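What you see is a predicted model; the values in this text were computed from it and never measured.
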Amino acid sequence: MAEVIRMPKMSDTMEEGVIASWLKKEGDEVSSGDVLAEVETDKATMELESYQDGVLLHIGVNEKDVVPVDGIIAIIGEKGEDFQHLLNGDSSLQEKPKEEIAVDDPLPKAEIVDTSNINATVIRMPKMSDTMEEGVISSWLKKVGDDVASGDILAEVETDKATMELEAYEDGVLLFTAVEAGSGVAVDGVIAIIGEKGADFQALLDAEAVSPKEEKAQEVIEPKAAEPKTVSESQPIVAPRPQPVPSATPSSVSSNGRIKASPLAKKIAAEKGINLSEVTGTGDGGRIVKRDVEQFTPSQTSVVSEGSTPSISIPPVVGEERSEKVELSQMRKAIAKRLSDSKFTAPHFYLTMEINMDKAIEARKSMNEVAPVKISFNDMVVKAAAAALRQHPNVNVSWMADHMVKHHHIHVGVAVAIPDGLIVPVVRFADNKSLSHISAEIKELAQKAKDKKLQPEEFSGNTFTISNLGMFGIEEFTAIINPPDACILAVSGIKETVIVKDGEMKPGNVMKVTMSCDHRAVDGAVGSSFLKTFKNLLEDPVRILI
């Protein structure tokens, strides 16, 4: 009889898995114990074994596809057996009917306004910053009836970040302004219309009267191929508002004292450190354009007046803005969810303590002369933490939804950084193991973590966690609790400093540790007592062995 193979829950935090690769194909014979596929979980890449004999009748997902826990992966049964009823019975594989839009009372089509023969353009409010939703017309620099040339400044627009110049993109006459100075306009809202003198701009406004909602409703009722727009919509060029200039060549200054220059000219002038007040414009109406700035040669007789600040020429920086989208791995998704839940659910509080590591340094040096493996300071931290947990069992607890669990065994999780994120292999019964044993085990687990070969029992069941960033020279940090643990110990680097002992200043080596505690399960006094014991053990390492 055919059997459905579902995505198993391969870790306590797993919610979905990715089929990394299929090792069997449809039609292959399968025996119990055969590996069907490799599955990438949030912790490691694991093998999916078959638990029965038969033929692989159906593969439900492709390689690299994401499958939720308990989702159908495959079907195994006898050759030629009908398995379709198994698929039909699983709602997760049935194609969901597409939502249909019911139109009981279709909206009447708005009367189409023909604007193809109108030689005019609608000017809209451009989006001048990434957060801008509307702009305010600070002032109009052109009025209805004025001739407008491409590059002329129409108005000043106040955005949420700065006051910018709104520049025309074509020649013509300013036929219409939609708002008065001081009024706000939403992004893409109509600001003005520019066209040939006498053009019927009212027809353009009538065409704009059809609301986006009506247009969208009509598209749903009567889908049709896209048609070219009959109204040209110009997106004005935007340039930052220049600072007031004390003086300028008369021909390049407008009646309100503003230097007339194109945005490109202003940009080039800023890059070259050129004062536009010294440049003579050759554009329309004395406007300074690109060629004027490029051909400008500063006067050799220019002298900085007494008390004034000389201008500084800042060379342009050539670079390319480039970003890329990075898809989240299953591990990164799990880390984000678990740590967010921990940080925003568990009320964290933090306890920091300095530990004199002089004796620990001497002890480590002596132990490594005879130890079968090289013992690290992190190994000593794990052993000291396990010994302190044995003396303070109220720290060796886990917080559940409606109860708390006090553990009589001590399993210490050690955070390990791998390319995909962070994983916490577990040293089980750490208080009963020697330093050499702990050192060898941590090295083996860390290598398995990097190779994605950890088994579920090797990264689950921790009762306390240690995160060590000392190898990166970090002097102090706090860590987010790794649920369901109630505490996590953040271990920093050993720093040589001045220590005051018996009223005398002496050189010494200090290491800071910070313990994050879940206040629902561990109180301040309980956590402090644990840290005091932990400190005493490391400051006199012989006590760890007792």
Side-chain angles (χ1 to χ4, degrees), residues 348-364 367 375-398 406-415 424 426-439 441-442 462-471 474-482 485-495 497 499 501 508-519 521-546:
H348 286 53
F349 74 91
Y350 308 96
L351 302 171
T352 300
M353 187 172 280
E354 283 190 350
I355 300 174
N356 188 327
M357 295 292 288
D358 287 344
K359 288 187 177 181
I361 292 173
E362 293 177 3
R364 175 176 176 265
M367 286 186 287
I375 296 171
S376 69
F377 289 111
N378 191 59
D379 302 328
M380 298 177 72
V381 167
V382 171
K383 180 65 177 178
L389 287 170
R390 180 57 64 196
Q391 297 183 44
H392 300 274
N394 288 335
V395 176
N396 194 42
V397 297
S398 297
K406 181 182 288 188
H407 305 287
H408 298 288
H409 58 275
I410 296 173
H411 294 347
V412 179
V414 181
V424 184
V426 179
V427 180
R428 310 178 88 81
F429 307 104
D431 57 322
N432 296 331
K433 294 178 178 177
S434 66
L435 279 168
S436 296
H437 190 156
I438 290 173
S439 178
E441 188 171 336
I442 289 177
N462 45 288
T463 63
F464 187 86
T465 304
I466 292 173
S467 178
N468 192 339
L469 295 179
M471 65 288 294
I474 300 300
E475 296 184 6
E476 185 177 357
F477 74 103
T478 59
I480 299 175
I481 296 170
N482 180 32
D485 293 356
C487 299
I488 184 171
L489 188 67
V491 182
S492 304
I494 299 174
K495 180 182 179 182
T497 185
I499 296 176
K501 188 174 183 180
N509 296 277
V510 171
M511 179 180 75
K512 281 188 177 182
V513 296
T514 298
M515 188 163 75
S516 306
C517 304
D518 184 345
H519 217 323
V522 177
D523 295 328
V526 174
S528 298
S529 297
F530 166 83
L531 275 187
K532 184 178 179 181
T533 301
F534 177 76
K535 172 185 171 77
N536 292 337
L537 290 172
L538 279 181
E539 288 189 340
D540 192 2
V542 173
R543 300 184 183 186
I544 300 177
L545 306 177
I546 298 176

Note: G508 and I499 closest approach over all heavy atoms is CA-CD1, 3.5 Å
Non-neighbouring partners of K532 that pass side-chain hydrogen bond (donor to acceptor under 3.5 Å, both in side chains), sequence neighbours left out: none
Does S439 use its side chain to pair, donor to acceptor, with the backbone of L435 at less than 3.5 Å? no
Begin with the C-alpha distance, continue with both residues' side-chain angles, and end with the deciding distance and a verdict on side-chain contact (heavy atoms from CB on, under 4.5 Å) for M357 and V510. CA-CA 6 Å; M357 295 292 288; V510 171; over 6 Å; no
Please walk me through it: do T514 and F477 pass side-chain contact (heavy atoms from CB on, under 4.5 Å)? CA-CA 7 Å; T514 298; F477 74 103; over 6 Å; no
Donor-acceptor check, side chain of K535 to backbone of E354, threshold 3.5 angstrom: yes or no? yes
Once rounded to the nearest 0.5 Å, what's the spacing between atom CE of M353 and atom NZ of K512? 12.5 Å
Mind checking the CZ-CD1 spacing from F429 to I410? Nearest 0.5 Å is all I need. 10.5 Å
Would you check if the side chain of N356 reaches a backbone N or O of D358 as a donor-acceptor pair within less than 3.5 Å? yes
As an exercise, state the distance from OG of S436 to CG of D379, rounded to the nearest 0.5 Å. 9.0 Å
Parallel, tilted or perpendicular: which fits the ring planes of F530 and F464, with parallel below 30° and perpendicular above 60°? tilted
In Å and rounded to the nearest 0.5 Å, what is the CG to CG distance from D523 to N394? 9.0 Å
Quick one: do V424 and T465 satisfy side-chain contact (heavy atoms from CB on, under 4.5 Å)? Show the steps, please. CA-CA 8 Å; V424 184; T465 304; 4.1 Å; yes
Report yes if the side chains of P541 and M380 come closer than 4.5 Å at any heavy-atom pair, otherwise no. yes
Report yes if the side chains of F534 and I355 come closer than 4.5 Å at any heavy-atom pair, otherwise no. yes
Measure the shortest side-chain to side-chain distance between D518 and H348 over non-hydrogen atoms and say whether it is less than 4.5 angstrom. no
According to side chain to side chain contact (heavy atoms under 4.5 Å, CB included), who are the partners of T533, at least two apart in sequence or on a separate chain? A388, Q391, H392, L537
To the closest 0.5 Å, what do you measure between NE2 (H437) and CD1 (I442)? 10.5 Å
Below 4.5 Å, heavy atoms only, C-beta onward: do K406 and N396 meet side chain to side chain? no
Where I481 and S516 come nearest, the two heavy atoms and their spacing: CG1-O, 3.9 Å
Check whether any side-chain heavy atom of V522 lies under 4.5 Å from a side-chain heavy atom of V397, and answer yes or no. yes
Report yes if the side chains of V414 and V382 come closer than 4.5 Å at any heavy-atom pair, otherwise no. yes
Less than 4.0 Å between a side-chain N and a carboxylate O, is that true for K433 and E441? yes
Tell me, with the steps shown, if D485 and N462 meet side-chain contact (heavy atoms from CB on, under 4.5 Å). CA-CA 7 Å; D485 293 356; N462 45 288; 2.7 Å; yes
Nearest heavy-atom contact between I438 and A430 is CD1-O, 3.7 Å
Over all atoms of both residues, closest heavy-atom pair of C487 and V395: SG-CG1, 3.7 Å
Minimum-distance pair of heavy atoms, taken over all atoms of S467 and I488: CB-CD1, 4.3 Å
Just checking, any donor-acceptor pair under 3.5 angstrom between side chains of H409 and T463? no
With a 4.5 Å limit on heavy-atom distance, are the side chains of M511 and K495 in contact? no
I need the D431 CG to R390 CZ distance, nearest 0.5 Å. 4.5 Å
Can you check whether N378 reaches I466 side chain to side chain, under 4.5 Å on heavy atoms? yes
Tell me the closest heavy-atom pair linking I544 and A384, and the distance in Å. CD1-CB, 4.0 Å
List the residues meeting side chain to side chain contact (heavy atoms under 4.5 Å, CB included) with F349, not counting sequence neighbours, and say none if there are none. L351, C517, H519
